[in-house]
Amino acid sequence: MSFLTTTASITSRHLRLHKPTSPAINLLLLRRTNYTSTTHNAQTIHLATPTTQPILTRRTNRPLPPLHPPLYQRPLLHIPIFLLLTLGSTLFIFNYQNLTSPIITSTLYTLRTSPLARETLGDEIQLGGRPVTWVYGSMDQFHGKVDISYYVKGRKGGGWVEFGCEREGGRQGLFRTVKWRLRVKRDGREEVVDLLEEKEGAVPVVE
C-alpha cells in the first residue's frame, strides 16, 4: 500500500513538473494512475497533462436504484396510456372527417334556410357542441344509407338534428330522405319538430 501511494505521489510530481512528449508515456502514466486510484472506494480517472486534476469521479459504493420506481418510469403503464391516446386521436380524426363532409354542410345549410327551424332555434344556427361537435350515427354513402344526428344551436336555444336517407334503385339510384327533424327541450319536456312536414322548407340533398 505504501508503494502504491509513493508511486502515485511521484507520478503526480512528474505530471506537474514535466510535460510528457511521447504517447506511450502518456498511456503508461494513465494506467498507473487509474490502478492507484481504484484501490480506494472512489475510482478517479486522470488525464496525463501538466495538471493532474481528475476529470471523472465515480464511487463504487453508491446506493442502488429503488425497487419500486415512480409511475412515470414504469414501462407497463405506458402501454394503456399509448392505447388511449391512439384511440382518442382516431375518434377525433373520424369525427372531423364527418364534420367536413358534404352531408353535414347540406343539412346545416338547409336548417338555416328553414322557417320552421329558425322559428324553433332562432337565427344564426350553427354547430353547438363544446368544445367539439360530435356526429353520431353512420354515414355510409357507398352502401346507400345515412343516419346521423348532431347538436346545433341558435339564438333561442339548441337541439339535436336527426337526418336519415336511403338510396333507391341500386348504386345509380337517388337518395330518398326518410328522416329530417329536430329534437328540442321546452319547459323541461322534449319536443320533436318534423321538418319533412314543412311546406315551404327544403330537404337536404345527398348525392
Side-chain angles (χ1 to χ4, degrees), residues 68-207:
H68 302 287
L71 292 178
Y72 62 88
Q73 294 182 357
R74 298 183 183 181
L76 295 180
L77 186 62
H78 298 166
I79 297 177
I81 295 178
F82 173 76
L83 294 178
L84 290 176
L85 291 177
T86 304
L87 179 61
S89 302
T90 304
L91 293 177
F92 183 81
I93 291 174
F94 277 107
N95 184 72
Y96 179 78
Q97 183 180 2
N98 292 334
L99 283 176
T100 55
S101 67
I103 296 178
I104 299 297
T105 304
S106 177
T107 55
L108 193 58
Y109 174 78
T110 307
L111 199 66
R112 289 169 178 170
T113 57
S114 170
L116 185 57
R118 285 195 311 229
E119 182 183 351
T120 305
L121 300 176
D123 296 331
E124 299 183 5
I125 300 175
Q126 58 185 341
L127 298 175
R130 292 184 180 179
V132 179
T133 301
W134 289 94
V135 179
Y136 299 93
S138 61
M139 195 181 300
D140 192 358
Q141 292 178 264
F142 182 77
H143 293 93
K145 187 175 182 180
V146 176
D147 188 5
I148 60 172
S149 64
Y150 58 94
Y151 189 76
V152 294
K153 66 178 180 179
R155 285 186 174 271
K156 293 183 179 180
W160 287 89
V161 179
E162 295 182 352
F163 175 74
C165 62
E166 296 178 355
R167 184 166 52 197
E168 296 179 344
R171 296 261 178 107
Q172 302 298 327
L174 300 177
F175 281 89
R176 181 177 63 90
T177 303
V178 297
K179 182 172 59 175
W180 175 233
R181 61 193 181 190
L182 275 172
R183 285 194 298 109
V184 296
K185 285 187 177 181
R186 290 181 178 178
D187 301 329
R189 296 181 302 174
E190 186 175 277
E191 181 180 347
V192 178
V193 180
D194 194 351
L195 300 177
L196 285 177
E197 298 178 355
E198 186 179 14
K199 297 180 180 180
E200 299 179 0
V203 178
V205 178
V206 179
E207 298 179 354

What's the shortest heavy-atom distance between Asp194 and Leu116, and which atoms?
O-CD2, 4.0 Å
Rounded to the nearest 0.5 Å, what's the gap from NZ on Lys153 to OG1 on Thr133? Could you check?
8.5 Å
Measuring from Ile148:CD1 to Lys179:NZ, what's the distance to the nearest 0.5 Å?
9.5 Å
Quick one, Ile103 and Gln141 - any side-chain contact, counting heavy atoms below 4.5 Å?
yes
So, taking the atom named CH2 in Trp180 and the one named OG1 in Thr107, what distance separates them when rounded to the nearest 0.5 Å?
5.5 Å
Results of side-chain contact (heavy atoms from CB on, under 4.5 Å) for Lys156 - residues two or more places apart only:
none
Got a sec, which pairs hit ring pair (Phe, Tyr, Trp, His ring centres under 6.0 Å) with one end in residues 135-156, sequence neighbours left out?
Tyr136-Trp160, Tyr151-Trp160
Less than 4.5 Å apart, any side-chain heavy atom of Val146 and any of Asp140?
no
Distance from Arg118 atom CZ to Thr113 atom OG1, nearest 0.5 Å?
7.5 Å
More than 12 foreign heavy atoms under 6.0 Å from CG of Leu174: is that the case here?
no
Residues Met139 and Ser101: closest non-hydrogen pair is SD-OG, 3.3 Å
Applying side-chain contact (heavy atoms from CB on, under 4.5 Å) between Val184 and each of Val152, Leu121, Val192, report the one that passes.
Leu121
Just wondering, more than 12 heavy atoms not from Glu191 lying within 6.0 Å of its CD?
yes
Roughly how far, to the nearest 0.5 Å, is OH of Tyr109 from CD1 of Ile125?
12.5 Å
Considering residues at least two apart in sequence or located in another chain, which fulfil the salt bridge (charged side-chain N to carboxylate O under 4.0 Å, His left out) criterion with Lys185?
none
Please step through side chain to side chain contact (heavy atoms under 4.5 Å, CB included) for the pair Trp134 and Asn98, ending with a clear verdict.
CA-CA 9 Å; Trp134 289 94; Asn98 292 334; over 6 Å; no
Looking at CZ of Arg155 and CD of Gln126, how far apart are the two atoms once the value is rounded to the nearest 0.5 Å?
10.0 Å
Note: Val135 and Asn95 closest approach over all heavy atoms is N-OD1, 2.9 Å
Counting only N and O atoms by type, is there a donor-acceptor contact under 3.5 Å from the side chain of Ser106 to the main-chain atoms of Pro102?
no
For residues Arg176 and Val178, determine if any side-chain heavy atom of one lies less than 4.5 Å from a side-chain heavy atom of the other.
yes
If you take all heavy atoms of Ser114 and Leu195, which pair is closest and at what distance?
OG-CD2, 4.1 Å
